[in-house]
Protein chains: 2
Amino acid sequence: MANTNTVERIIKGMASKGWRITEQRKMMAALFAETEGYLSPKDVYEHMRQKYPGISFDTIYRNLRQLSEAGVFEQFYFNDGLKFRASCLTHHHHHLICMNCEKTVTFDYCPMPNLSELPGNYEVMHHRFEVYGYCPECAAKRRKETKQPT
Amino acid sequence: MANTNTVERIIKGMASKGWRITEQRKMMAALFAETEGYLSPKDVYEHMRQKYPGISFDTIYRNLRQLSEAGVFEQFYFNDGLKFRASCLTHHHHHLICMNCEKTVTFDYCPMPNLSELPGNYEVMHHRFEVYGYCPECAAKRRKETKQPT
DNA sequence: TTAATAAATAATAAAAATTACGAATAAAAG
DNA sequence: CTTTTATTCGTAATTTTTATTATTTATTAA
């Protein structure tokens, strides 16, 4: 499912910041473009290492950080740590995430318009709304496991 | 502002799981009870070390993890890493968090009742809704800084 | 097309965060 | 008080992240 548009979007995002388009960055863009879910720094490292056996952690972390700061990638923290995914810039939406396999679907409902008055007079910058549950496959698996315990 | 009720609530939470109430756990409960904001594992370690100079990381991490799993503490990830706070179990609510000082105020609005139909037929378990911004103090500080750049 | 340049990477090393484990300790139950 | 065993200590190993310097390479322009 290599999504050429996404690759190009990521690379354009990098170029628009005046960044150099290196082979490593191209490969990273392609990896995230073809990945539905989330990738940890280690996942990225393991993948990149196939083509660039001596790739440095520095390269991985620097690019993940810079691309996140630039809004091209999004950072999430799961229970097992930091992960990244290509951010969908098409339109604002939120995520419904499987707690087992991390498979994610998006939905358009955003609670912010309904938030008329917040306490504390904060200068609101952004928000985070995520719903967690089990996808049909993992929910079925879970039911089986609890019915037949070892 | 040591909140005795909160200390007791945390300790009861531990006892109800059949856990032993050790001196270290009592001190940890007291620390979280008197802390408004968030504590990193290191914060906890530094504090506990004052009374128990030889305290082990194992003790810190194990208790933080177990207390979070039991719902007594809540886990959050900020940009500077994993942090914990005593979870407010009084009633369901969400948080408005200062991106600079982490000062947090709560509000009661919950978007879930309005979420009529979600895609993917997930078995919804829980959700997370947080609003990020700057508290009045930090917002003012930021405006000053941007007006007079070095 | 090639040379100049500055950014990005490799190849470490160091630092920080987290987890692991046997021996010692102490909370809880009888 | 004694026993039982969960918990902690003391230490080390592992994992994750950041830092540093020499080298490489993408880009610009001559």
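In this text, all values refer to a predicted model and were calculated from it rather than measured experimentally. Lettering of chains follows the sequences in order, A, B, ..., and the numbering in each one begins at 1.
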Any side-chain N or O of B/Tyr61 less than 4.0 Å from the OP1 or OP2 oxygen of C/dT19? no
B/Thr59 side chain N/O closer than 4.0 Å to the phosphate oxygens (OP1, OP2) of D/dC9? yes
Could you work out which one of D/dC9, D/dT8, C/dT9 sits closest to the side chain of B/Arg62? D/dT8
Can you tell me if the side-chain N/O atoms of B/Ser56 get under 4.0 Å from OP1 or OP2 in D/dT11? no
Mind listing the closest non-hydrogen atom pair of A/Cys101 and A/Cys98 along with its distance? N-SG, 3.4 Å
Using the side-chain heavy atoms of A/Lys42, tell me which of these nucleotides is nearest: D/dT27, D/dT16, C/dA27. D/dT16
What's the CG-P distance between A/Asn63 and C/dA10, to the nearest Å? 10 Å
To the nearest Å, how far apart are B/Ile60 CD1 and C/dA20 P? 17 Å
Upstream residue (5' side of DNA chain C) when B/Glu23 and A/Arg25 are each assigned their closest nucleotide: A/Arg25
Closest contact, heavy atoms only, A/Ser68 versus A/Phe84: OG-CE2, 3.1 Å
Separation of B/Lys26 atom NZ from D/dT7 atom C1', in whole Å? 14 Å
Please tell me which of the listed nucleotides, C/dT9, D/dG10, D/dT17, lies nearest to the side chain of B/Asp58? D/dG10
Starting from the 5' end of DNA chain D, give me the residue, A/Thr22 or A/Phe57, whose nearest nucleotide shows up first. A/Phe57
Can you tell me whether the side chain of B/Arg20 and the base of C/dA28 have a donor-acceptor pair closer than 3.5 Å? no
For the pair made of CH2 in A/Trp19 and P in D/dT28, what is the distance, rounded to whole Å? 16 Å
Compare every heavy atom of B/Thr35 with every heavy atom of B/Leu31, then report the nearest pair and how far apart it is. O-OG1, 2.6 Å
Check whether any side-chain N or O of A/Gln24 sits under 4.0 Å from OP1 or OP2 of C/dA10, and answer yes or no. yes
Compute whether any side-chain donor of one residue and acceptor of the other, for B/His127 and A/His94, lie under 3.5 angstrom apart. no
Nearest-angstrom distance from the residue atom CZ of A/Arg65 to P of D/dT16: 19 Å
Looking at B/Arg25 and B/Glu23, is any side-chain nitrogen of the basic one under 4.0 Å from a carboxylate oxygen of the acidic one? no
Figure out the CE/C1' separation between B/Met28 and D/dT7, and round it to whole Å. 12 Å
Please report the distance, rounded to the nearest Å, between NZ in B/Lys51 and C1' in D/dT8. 15 Å
Nearest-angstrom distance from the residue atom CD1 of B/Ile21 to C1' of C/dA28: 11 Å
